[in-house]
2 protein chains.
Amino acid sequence: MDHSIQDIARLAGTTSRTLRHYGAEGLLPPSRVAANGYRYYDDRALVRLQRILLLRELGLGLPAIRAVLDRETDEAAALRAHLGWLEQEQQRLQRQIRSVHTTITALEGKDQLMAETMFDGFDHSIHKEEVEQRWGADAYASGDSWWRDMTAAQRAQWQATTAALQADWRDAAERQVAPDGTEAQQLAGRHVQWLDAVPGIPRENGRPAAAYVRGLGEMYVADDRFAAHYGGQAGAGFVRDALAVYAARTL
Amino acid sequence: MDHSIQDIARLAGTTSRTLRHYGAEGLLPPSRVAANGYRYYDDRALVRLQRILLLRELGLGLPAIRAVLDRETDEAAALRAHLGWLEQEQQRLQRQIRSVHTTITALEGKDQLMAETMFDGFDHSIHKEEVEQRWGADAYASGDSWWRDMTAAQRAQWQATTAALQADWRDAAERQVAPDGTEAQQLAGRHVQWLDAVPGIPRENGRPAAAYVRGLGEMYVADDRFAAHYGGQAGAGFVRDALAVYAARTL
DNA sequence: AGTTGACCTTGACGTAACGTCAAGATTTAT
DNA sequence: ATAAATCTTGACGTTACGTCAAGGTCAACT
């Protein structure tokens, strides 16, 4: 009927330190304390512990959890309040991410560019530093050699594809198409397919990695030289949003 | 040439406590300390302080900032490393948000439903508790009375519109359309327009609030009764993603 | 009985970046 | 001369435990 502190800790997937902490906080007192001071917990305590751990995984603090378990607060209400906080945090992070992106771009704006011809066809590895640090030196090197080893005709072909894609993006952006709409999402699909032809980019289960695609979109916005290809700030923002939706949905 | 501690604090938009903290950490020592112990900072210190605060807003920790300012680390490299952390945090939050949503739905699954007829036409306010707590009692009440005051013909009209929209969503989902593509985004546009016809929903500058639209999408996924209208889990996930992209891009 | 582990206890420091008193010294204004 | 500002150092609080540290307790083995 009783379990030692290590026992329930293992049963619930936590540590004895956590159990003692919850005991000290009055959140989960031992169901019995032996004469020698040893803590013992019964099955009801185990159930309570599991509820606590569940709520903790959702991000609730111990005071909020106590209020819920002691029925001082409605659980759903507490979770909805918590949801608001989570969403705010997420937005704050989103803003920080964008600021960091633009800061990086501003810092490196005038450093190592790849050759101009390359710029038009291989825009995603123009930032040598960024590609190497975030996706590994291989990503840059293999993309680089892939491009260099192309024949002139292959390169021209590739540039034509790229130009057409960019033109369609600009067109859609001008027409104020919704970035999560079918048309934009089809463009995003083409964009990812185009990307997929480049060896060495980071992938997940065979497809370009979602984080990479999103990062690419942010880069288009952060760097005016890219933005120009997609119709300026507004157009690049559109591309970024479309890629983000696409990545969320299908990658 | 010199400023007192309060002076630069005001100039830089921070507090004297922070200045002392940075001094104690060796991150920004006072440029001069008078015989009486008073700290004084010159213009170079002000510049350094401003850089520190900028990096802090981007979320960097003090050790990372020190490394950058002391030129032990490349600033862009530090920011890219930081970017990876930010993106991970964002994903963790996203997972928590979804878990909270499904938990809330599971908790309230069988409580207060609106009438069945209402269910088919007014799905976004079916969760009385959720709507009231997160968007205010007015949101629920005005939506509720709007619906109740309709004539039978008006209601039938509305339900037909709703059903058509849902059918198009199911169709697009089945065809594996990309959620950030043009087609899905057009559907999202229709969805928001449809929503916009309901009085009392939360708005921002005249249009349905982005957070509300996103929340709606999450609800479709979290609640099987909604999901059913959009083609089950997969379909609802598609709708959610499409709405999220749409919200990000145009709301 | 003595010893060896395995397990238990309480106690206390560390974490990130300051916010917030508190007590006392100094400068500035009246 | 006195009051009001401003300055100093010192220290606790914040969140949920992780991580020693020093020292009891218990079952098993010699």
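By convention in this document, chain letters (A, B, ...) are assigned in the order of the sequence lines, proteins followed by strands, and residues within each chain are numbered from 1.
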Between [atom2] on [N] and [atom1] on [X], what's the gap in Å once rounded to a whole number?
X       : N      : atom1 : atom2 : value
B/Leu19 : C/dT20 : CG    : P     : 16 Å
B/Glu57 : C/dA16 : CD    : P     : 21 Å
A/Tyr22 : D/dT15 : OH    : P     : 14 Å
A/Ile52 : D/dT15 : CD1   : P     : 18 Å
B/Leu28 : C/dC18 : CG    : C1'   : 15 Å
B/His21 : C/dT20 : NE2   : P     : 15 Å
B/Ile65 : C/dA16 : CD1   : C1'   : 12 Å

Handout entry: Whole-Å C1' distance, D/dT19 and C/dA17
Key = 22 Å
Handout entry: D/dC12 versus C/dA12 - spacing of their P atoms, nearest Å
Key =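 Result for the P pair: 13 Å, nearest Å.
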Exercise for the section: Heavy atoms under 4.0 Å is the rule here; annotate nucleotides 7-14 of chain C 5' to 3' with B where the base is hit, S where only the sugar-phosphate is, and - elsewhere. Expected result: BSBB-B--
Handout entry: Presence of salt bridge, B/Asp42 and B/Arg32, under 4.0 angstrom
Key = no
Practice task
Identify whether the distance between the nearest side-chain nitrogen and carboxylate oxygen of A/Glu87 and A/Arg92 falls below 4.0 Å.
Solution key: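 Between A/Arg92 and A/Glu87 there is no salt bridge, as every charged N stays at least 4.0 Å from the carboxylate O atoms.
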Exercise for the section: Determine: side-chain N/O of B/Thr15 to OP1/OP2 of C/dG19, distance under 4.0 Å, yes or no. Expected result: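 Answer yes for this pair, as a side-chain N or O of B/Thr15 is under 4.0 Å from OP1 or OP2.
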Practice task
Assert yes or no for the condition that the ring centre distance of B/His101 to B/Tyr220 is strictly below 6.0 Å.
Solution key: no
Practice task
Quickly, which of A/Leu19, A/Thr18, A/Leu11 forms a side-chain contact (heavy atoms from CB on, under 4.5 Å) with A/Leu49? Name it, please.
Solution key: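 Only match with A/Leu49 under side-chain contact (heavy atoms from CB on, under 4.5 Å): A/Leu19.
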Exercise for the section: Using the salt bridge (Lys or Arg N to Asp or Glu O under 4.0 Å) rule, take A/Arg51 and A/Asp70 through it: C-alpha gap first, then chi angles, then the decisive distance, then the call. Expected result: CA-CA 12 Å; A/Arg51 283 199 70 192; A/Asp70 295 355; over 6 Å; no
Exercise for the section: Kindly indicate, with the supporting measurements, whether the criterion side chain to side chain donor-acceptor pair (under 3.5 Å) is fulfilled by A/Asp43 and A/His3. Expected result: CA-CA 8 Å; A/Asp43 291 335; A/His3 308 280; 3.1 Å; yes
